[in-house]
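Chain naming here is simple, since letters A, B, ... match the order of the sequence lines and numbering starts at 1 in each. Everything numeric in this text was worked out from a predicted model, so none of it was measured.
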Number of protein chains: 2
Amino acid sequence: MNYNQFKHCGLNVTLTMLSGKWKPIILYHLFHNAEMRFTELWRIIPKVAKKVLLDHLKQMEADGLIIREEKQGFPPEVSYRVSEKGKALGPALSALETWANEYAADEVAEFKKTTVGKLRQHLS
Amino acid sequence: MNYNQFKHCGLNVTLTMLSGKWKPIILYHLFHNAEMRFTELWRIIPKVAKKVLLDHLKQMEADGLIIREEKQGFPPEVSYRVSEKGKALGPALSALETWANEYAADEVAEFKKTTVGKLRQHLS
DNA sequence: CAGTATCCGACCGGATACTG
DNA sequence: CAGTATCCGGTCGGATACTG
């Protein structure tokens with residue numbers, strides 16, 4: 001048996017890169033906005049601690065999913081955007097989303113009631 | 001607005017269902033074997049604690065990804081297989097795997113050196 | 001504005017022993 | 001064979017305060 005043929009390795013790598021409580025919503029916003037300031041992301045995402053958001057962004061940058069751009073000057077101005085590598089992941093993420101809505105609609109509804117409810121509250 | 005349009009709610013739900021250190025390799029084997037006994041899985045997966053494997057299988061069953069079937073008698077005989085819901089996730093998982101091999105080949109190679117290396121050791 | 005520095009509790013993977 | 005029952009250590013998300 002040739003173990004180099006194992007097909008779960010890449011899957012494991014990808015899931016590891018995506019694991020992190022706020023990464024899906026970060027990716028969602030970056031996919032829809034082309035470029036966002038740090039505070040912009042921080043205000044939009046409900047109840048996330050600054051440190052945690054920074055941790056996630058650092059990981060995603062280290063994994064090459066997003067690109068961090070810093071303009072010199074004061075006050076600091078940092079923006080994040082999706083890399084080509086990240087964009088290439090879009091269809092796969094879309095497939096995961098579609099599957100959930102089709103086969104796990106209840107859990108999705110539950111998720112919306114909790115997290116998205118908090119989001120509205122946060123923005124008002 | 002014509003980007004890769006995924007919302008993050010379903011994505012979050014799906015990733016939560018897939019989060020677990022050994023779930024990718026469990027799914028891999030169940031996808032390729034149609035039906036497996038518990039010990040069969042346990043022997044194949046390197047260095048996983050019985051309790052952890054059971055935890056993962058219980059979660060996956062609760063999420064409806066796999067089906068647990070128990071035949072009465074002694075000694076116990078329990079087998080696991082992928083549900084229709086789980087099978088429907090196959091293409092999306094495949095897309096994640098493909099992306100990793102194309103855009104994160106280094107990490108995949110590294111993963112093989114560690115985990116698959118342990119597998120050989122475990123089987124010998 | 002965009003970070004760092006601490007500190008903390010909860011959860012998760014894991015080791016080990018026991019059971020019907 | 002296929003589980004339970006404990007206990008443990010590390011990591012992760014999070015709250016709070018401080019800084020260039």
Does Arg68(B) have any side-chain hydrogen bond (donor to acceptor under 3.5 Å, both in side chains) partners at least two apart in sequence or in another chain, and if so, which?
Glu70(B)
Within this structure, what is the CD-to-P distance between Gln72(A) and dG3(C), rounded to whole angstrom?
12 Å
For Asn33(B), enumerate each residue passing the side-chain hydrogen bond (donor to acceptor under 3.5 Å, both in side chains) test, keeping only those at least two apart in sequence or located in another chain.
none
Using side-chain contact (heavy atoms from CB on, under 4.5 Å) as the criterion, list what pairs up with Phe38(A), not counting sequence neighbours.
Trp42(A), Lys50(A), Leu53(A), Leu54(A), Leu57(A), Tyr80(A)
Hey, could you give me each pair passing side chain to side chain donor-acceptor pair (under 3.5 Å) that has a residue in residues 9-23 of chain A? Not counting sequence neighbours.
Lys23(A)-Gln59(A)
Using the six-membered ring wherever Trp is involved, compare the ring planes of His8(A) and Tyr28(B) and label them parallel, tilted or perpendicular (cut-offs 30° and 60°).
tilted
Yes or no on side-chain contact (heavy atoms from CB on, under 4.5 Å) for Asn101(A) and Glu97(A), after CA distance, side-chain angles and deciding distance?
CA-CA 6 Å; Asn101(A) 290 321; Glu97(A) 171 76 25; 3.1 Å; yes
Can you list the residues that meet the side-chain hydrogen bond (donor to acceptor under 3.5 Å, both in side chains) rule with Asp55(A), with sequence neighbours excluded?
none
Is the shortest side-chain N/O distance from Arg37(B) to OP1 or OP2 of dC1(D) below 4.0 Å?
no
In whole Å, what is the span from the CG atom of Leu57(A) to the C1' atom of dC12(D)?
16 Å
List the residues meeting side-chain contact (heavy atoms from CB on, under 4.5 Å) with Ile67(B), not counting sequence neighbours, and say none if there are none.
Arg81(B), Ser83(B)
Separation of dA2(D) C1' from Tyr80(B) OH (nearest whole Å):
8 Å
Dot-bracket notation for DNA chain D is requested: 5' to 3', Watson-Crick or G-U wobble pairs only, both distances under 3.5 Å, with ( ), [ ], | and . as defined.
||||||||||||||||||||
Return the set of residues passing side-chain contact (heavy atoms from CB on, under 4.5 Å) with Ala92(B) (not counting sequence neighbours), or none when no residue passes.
Ala95(A), Leu96(A), Leu89(B)
Rounded distance in Å - CG (Leu53(A)) to P (dG14(D)):
11 Å
Contact list please: residues 60-71 of chain B against DNA chain C, heavy atoms, distance less than 4.0 Å, in numerical order.
none
Can you list the residues that meet the salt bridge (Lys or Arg N to Asp or Glu O under 4.0 Å) rule with Glu77(B), with sequence neighbours excluded?
Arg37(B), Lys71(B)
Whole angstrom value for the distance that separates C1' of dA2(D) from CZ of Arg43(B):
14 Å
Annotated protein contacts, base or backbone, on nucleotides 4-20 of chain C with a non-hydrogen cut-off under 4.0 Å, one of B, S, - each
B-B------SBB----B
Can you sort out the partners of Lys87(B) under side-chain contact (heavy atoms from CB on, under 4.5 Å), two or more places apart, ordered by chain and number?
Val82(B), Glu84(B)
